[in-house]
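Below is one structure, written out as structure tokens, with a few remarks after it.
All values derive from a computational prediction rather than experimental measurement. Keep in mind that the numbers below use all heavy atoms, side chains included, and drop hydrogens, waters and symmetry copies. Here is the naming used below: chain letters follow the sequence lines, and residue numbers restart at 1 for every chain.
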Amino acid sequence: MYSTLSKKKEPFRTVRPGKVGIYLCGPTVYDKAHIGHMVGPVIFDCIKRYLKYCGYDVTWVVNITDVDDKLIHKANERGISMLDVAEENIADYHFNLDALGVDSVDHFPRATECMDEIIAIVETLIEQGFAYASAGDVYFEVSKDAQYGKLSNRSVTEMQGEGGGTADRKRGLADFALWKSAKPGEPAWDSPWGQGRPGWHIECSAMSRKLLGETFDIHGGGLDLVFPHHENEIAQSECCHGKPMVTYWTHNGLLRASSAAGKVGGRAERDSTEPAPGEVASVTGEAPTSATAEEAASGKMSRSKGAGGLAQLIARQGGERIRFFLLRTHYRSTVLFNEPAIEEAGVGLEGFYRLFKRYTRITGKSFYDLTAADKRAAGEFAPAGDAVLTAVATCRKKFITAMDDDFNTGGATGELFELAKIINKHCDEQKLEETGTPAATAVATLEKSLSTLKEMANLLGFFLVAPVQSGGSSDALLGQVMQLVIDLRSESRAKKNFATADTIRDCFGPLGIVLEDRAGGTEWSGGSADTLDGVMQLLIKLRQAARVGKDFVTSDAIRDRLAALGVTLEDRAGGTEWSKS
RNA sequence: GGCGCCGUGGCCAAGUGGCUAAGGCAACGGAUUGCAAAUCCGUCAUCCCCGGUUCGAAUCCGGGCGGCGCCUCCA
């Protein structure tokens with residue numbers, strides 16, 4: 001496991017045997033989350049899953065900063081309370097985490113709930129001479145901490161800033177606030193130094209101690225938090241406790257807009273005035289979709305990243321695609337964010353969904369109901385000379401090796417694809433779909449292989465629940481498909497092929513659809529949630545009838561027109577299936 | 001200016017001293033299909049440049065060139 005403190009990978013060892021404490025810096029909830037806020041949660045969700053798989057008892061804490069200057073400003077701006085601003089954005093944050101499959105966080109402590117702990121640490125730091133009160137504020141005196149700068153590799157003299165607006169209250173310009181006195185009307189808490197609120201850095205020292213202890217295993221956050229936030233946390237906690245705060249400081253890479261310098265949500269993005277024309281198209285080599293193209297090409301993608309944008313992105317792409325997009329690469333590397341890249345990731349994912357359907361066709365069972373080993377040792381198995389299972393076991397081993405190497409989810413993902421190919425090949429070679437009753441041993445191999453795939457996918461948090469059929473577009477699709485059926489019927493009638501025309505109408509009865517032939521054309525009404533599939537089945541039946549009658553013009557027309565609507569048909573031994581792209 | 005990171009095929013990306021440089025997307029050829037789709041098989045890179053260390057480097061060192069982050073709120 002890599003540590004920012006030592007700048008190298010170190011063997012994994014825990015503070016307490018068998019237990020792991022993880023603290024991840026969460027959001028300051030003054031506004032909606034953007035996709036950059038999801039990188040840490042997604043990777044740490046994987047880390048927790050993997051450590052549990054390896055047998056550790058893991059406690060994962062993600063803090064919520066719900067008191068801060070930005071929150072106060074936002075509340076004043078909107079004329080509501082700071083608490084209301086926080087609640088609203090916390091709800092948004094949780095919605096986003098859920099959508100991306102991040103469900104393993106144990107505690108979401110809020111700064112406002114930890115005032116006693118915060119004040120206690122500040123008091124201790126003052127007693128020990130590391131901090132001083134000044135005009136109602138309390139500052140940490142950086143020069144008193146000989147270790148200050150060890151995380152970000154800076155010396156105090158290098159960091160002499162201008163001290164900000166409170167420079168006149170500080171002994172040293174690099175000193176930072178532990179406690180800030182309240183201005184009239186601002187949210188405030190009682191303290192030995194008067195009414196005020198905590199500084200940003202101290203809350204993390206307090207919350208981590210409260211939930212994980214004075215020394216814990218892993219502390220994470222974005223690379224942009226190394227300085228000053230984490231540097232200051234170390235200073236506070238280690239001076240207060242006289243012992244190391246964290247064994248592994250873990251920092252994820254930042255998301256970058258594909259066509260603009262600067263991280264997503266960062267300063268460069270806001271300041272960017274020079275567009276980079278044509279850049280986005282060169283990233284993927286394909287024409288991006290309208291809205292994203294404009295935003296990316298102009299260098300500002302705020303709508304697709306900022307307020308509400310993440311929820312919309314999730315609505316368009318689905319959480320699993322976004323998660324997959326984020327985990328395809330190593331967590332410490334910079335990721336270029338653009339929507340076509342997420343779509344591309346989704347194409348890869350669909351291969352897995354098709355494999356799961358294939359499994360269902362063969363066995364009548366669902367991949368999502370398969371049981372998989374949830375412990376590393378339990379997943380070990382002997383291939384017993386079976387060539388397929390031998391390949392599966394090799395894949396699993398490579399996957400684990402990748403995860404063991406600083407949680408290399410990118411490398412591990414490759415093995416997932418490799419495994420899918422092995423399984424598809426097995427299905428092909430054993431003709432599991434063609435034969436009515438496939439050999440039991442071949443099916444057993446299939447199930448074992450898929451169970452192993454599931455074991456691996458679980459660690460990355462993929463395929464936990466079946467993807468939901470697109471609900472919003474289905475109504476529009478139904479209308480289009482119905483028009484197609486009606487056209488077909490009209491053609492049949494025109495050709496005096498009344499048998500087909502009547503078949504169509506007769507089949508609509510059970511679906512609750514009524515057809516009415518009027519002067520201006522045929523109208524339809526009725527239908528329910530299951531209608532679309534019923535209509536599709538009818539179309540499939542009509543196409544089959546045309547094929548049997550060698551009427552390939554009609555059968556191909558049906559398929560092509562459905563393709564134009566984004567519906568693909570797949571002919572298989574057991575019948576034809578349809579799916580919406 | 002200080003402290004760091006990165007540069008692998010058309011695109012994304014793993015690999016950080018040693019078998020034929022994973023995997024995905026795209027493309028092309030083949031098997032399969034009435035034609036398709038799906039699936040499988042195959043084709044497609046010597047790793048930004050220069051120099052050095054080494055029996056041996058994409059991987060280590062030095063120097064270039066190019067991109068990026070932090071130093072101020074930030075996942």
Side-chain angles (χ1 to χ4, degrees), chain A residues 4 7 9 24-28 30 33-44 62 65 68-70 149 152-155 157-162 164 174 200 220-229 231 251-256 261-268 270 282-286 324-325 328-330 332-336 338 340-341 343-351 354-355 357-358 398 402 405 408-429 433 547 550 552 555-556 559-560 563 568-572 576-579:
Chain A
T4 307
K7 293 186 176 52
K9 289 179 194 171
L24 174 68
C25 281
T28 300
Y30 68 98
H34 59 68
I35 185 170
H37 291 121
M38 296 294 110
V39 179
V42 165
I43 179 62
F44 277 93
V62 177
T65 300
D68 156 279
D69 291 351
K70 286 190 197 171
S152 55
N153 192 24
R154 293 155 206 256
S155 69
T157 50
E158 280 168 358
M159 288 178 295
Q160 294 298 350
E162 295 168 10
W200 175 38
L223 215 41
D224 52 352
L225 294 184
V226 172
F227 187 90
H229 187 52
E231 192 70 71
H251 294 98
N252 59 266
L254 304 176
L255 240 41
R256 227 183 84 204
K263 64 194 175 186
V264 167
R267 180 180 53 183
R270 296 194 297 272
S282 69
V283 169
T284 59
E286 63 184 64
F324 187 74
F325 168 74
R328 241 177 8 160
T329 175
H330 188 90
R332 279 191 283 121
S333 55
T334 302
V335 174
L336 291 178
N338 60 79
E343 275 165 19
E344 189 220 288
V347 172
L349 226 33
E350 274 155 28
R354 284 192 294 265
L355 173 59
K357 283 187 182 173
R358 193 174 196 184
K398 285 178 165 176
D405 182 11
N408 184 353
T409 57
T413 300
E415 298 307 321
L416 229 44
F417 279 99
E418 193 66 38
L419 185 47
K421 186 186 286 188
I422 291 168
I423 298 172
N424 268 318
K425 194 172 177 178
H426 175 246
C427 293
D428 280 2
E429 288 178 344
E433 291 192 74
R547 289 168 77 200
K550 304 286 185 204
F552 291 123
S555 63
D556 287 359
R559 189 181 62 204
D560 293 345
T568 36
L569 296 182
E570 295 177 20
D571 292 335
R572 303 187 183 285
T576 302
E577 285 195 0
W578 70 277
S579 59

| query | Is the number of heavy atoms from other residues, nucleotides or ligands within 6.0 Å of NZ (K550(A)) greater than 12? | reply | no
| message | If I compare all heavy atoms of G149(A) with all of E231(A), which pair ends up nearest, and what's the gap? | response | N-OE2, 3.0 Å
| query | Do the side-chain N or O atoms of N424(A) get closer than 4.0 angstrom to the phosphate oxygens (OP1, OP2) of C40(B)? | reply | yes
| How close or far is atom P of U33(B) from atom CZ of R547(A), stated in whole angstroms? | 12 Å
| query | Is H229(A) touching bases, backbone alone, or none of the nucleic acid, heavy atoms closer than 4.0 Å? | reply | nothing
| Spacing of the C1' atoms in G52(B) and U20(B) (rounded, Å) | 28 Å
| Hey, is F417(A) stacking on G24(B)? Ring centres under 5.5 Å, planes under 30°. | no
| query | With a non-hydrogen cut-off below 4.0 angstrom, is V226(A) in contact with a base, only sugar-phosphate, or nothing? | reply | nothing
| remark: Separation of G69(B) atom C1' from N252(A) atom CG, nearest Å, is 13 Å
| Base, sugar-phosphate alone, or nothing: which one does K70(A) contact when heavy atoms must sit under 4.0 Å apart? | base
| Rounding to a whole Å, what distance do you find between R154(A):CZ and G4(B):C1'? | 9 Å
| task | Using a cut-off of strictly less than 4.0 Å, decide whether T329(A) has a side-chain nitrogen or oxygen near OP1 or OP2 of A14(B). | result | yes
| Whole-angstrom distance between C5(B) and C61(B), as gauged at atom P | 11 Å
| said: Just N and O in the side chain of R354(A): are any of them under 4.0 Å from OP1 or OP2 of U39(B)? | reply: yes
| request: With C1' as the reference atom in both, quote the distance from U54(B) to G64(B) in angstrom, rounded to an integer. | output: 23 Å
| task | Using the P atom on both, measure A31(B) against A37(B) and round to a whole Å. | result | 14 Å
| task | Determine the Euclidean distance between corresponding C1' atoms of A58(B) and U8(B); express it in Å to zero decimal places. | result | 7 Å
| note | Atom CD of E577(A) and atom P of A36(B) are separated, to the nearest Å, by 21 Å
| message | By nearest heavy atom, map E418(A) and D405(A) onto RNA chain B; which one lands nearer the 5' end? | response | D405(A)
| query | With rounding to whole Å, what would you report as the distance between G29(B) and G15(B) at their P atoms? | reply | 34 Å
Which pairs of donor and acceptor atoms, one on a side chain in residues 409-426 of chain A, lie under 3.5 Å apart (sequence neighbours left out)?
residue, atom, partner, partner atom, Å
T409(A), OG1, L327(A), O, 2.8
T409(A), OG1, T329(A), O, 3.3
T413(A), OG1, T409(A), O, 2.6
N424(A), OD1, R358(A), NH1, 2.8

| Heavy-atom closest pair, residues L336(A) and F325(A) | O-CZ, 3.5 Å
| message | Does G36(A) reach a base, just sugar-phosphate, or nothing at all? Heavy atoms under 4.0 Å. | response | base
| said: Over all strands shown, is G220(A) touching base, sugar-phosphate only, or nothing at heavy-atom distances under 4.0 angstrom? | reply: nothing
| query | If you measure from the C1' atom in G42(B) to the same atom in C6(B), how many Å do you get, rounded? | reply | 34 Å
| Side-chain ion pair, R559(A) and D571(A), N-O less than 4.0 Å | no
| query | Whole Å only: how far is the CG atom of N153(A) from the P atom of C5(B)? | reply | 10 Å
| When we call it a touch if two heavy atoms are under 4.0 Å apart, what does L223(A) touch: a base, just sugar-phosphate, or nothing? | nothing
| message | Using a distance-only criterion (donor-acceptor N/O pair, under 3.5 Å, no hydrogens), is the base of A36(B) paired with the side chain of R559(A)? | response | yes
| query | Counting any heavy atom closer than 4.0 Å, what does D69(A) reach on the DNA or RNA strands: base, sugar-phosphate only, or nothing? | reply | nothing
| query | L336(A) has an atom CG; how far is it from atom P of G7(B), in whole Å? | reply | 13 Å
| Rounding to a whole Å, what distance do you find between D556(A):CG and U33(B):C1'? | 12 Å
| request: Remember a base hit wins even if backbone is also touched, and classify L255(A) as base, sugar-phosphate or nothing at under 4.0 Å, heavy atoms. | output: base
| field | Distance, P atom - from C41(B) to C50(B), rounded to whole angstrom | value | 37 Å
| said: Whole angstroms only, please: what is the NZ-P distance between K421(A) and C25(B)? | reply: 9 Å
| field | Residue whose nearest RNA chain B nucleotide is more 5′ - G348(A) or I422(A) | value | G348(A)
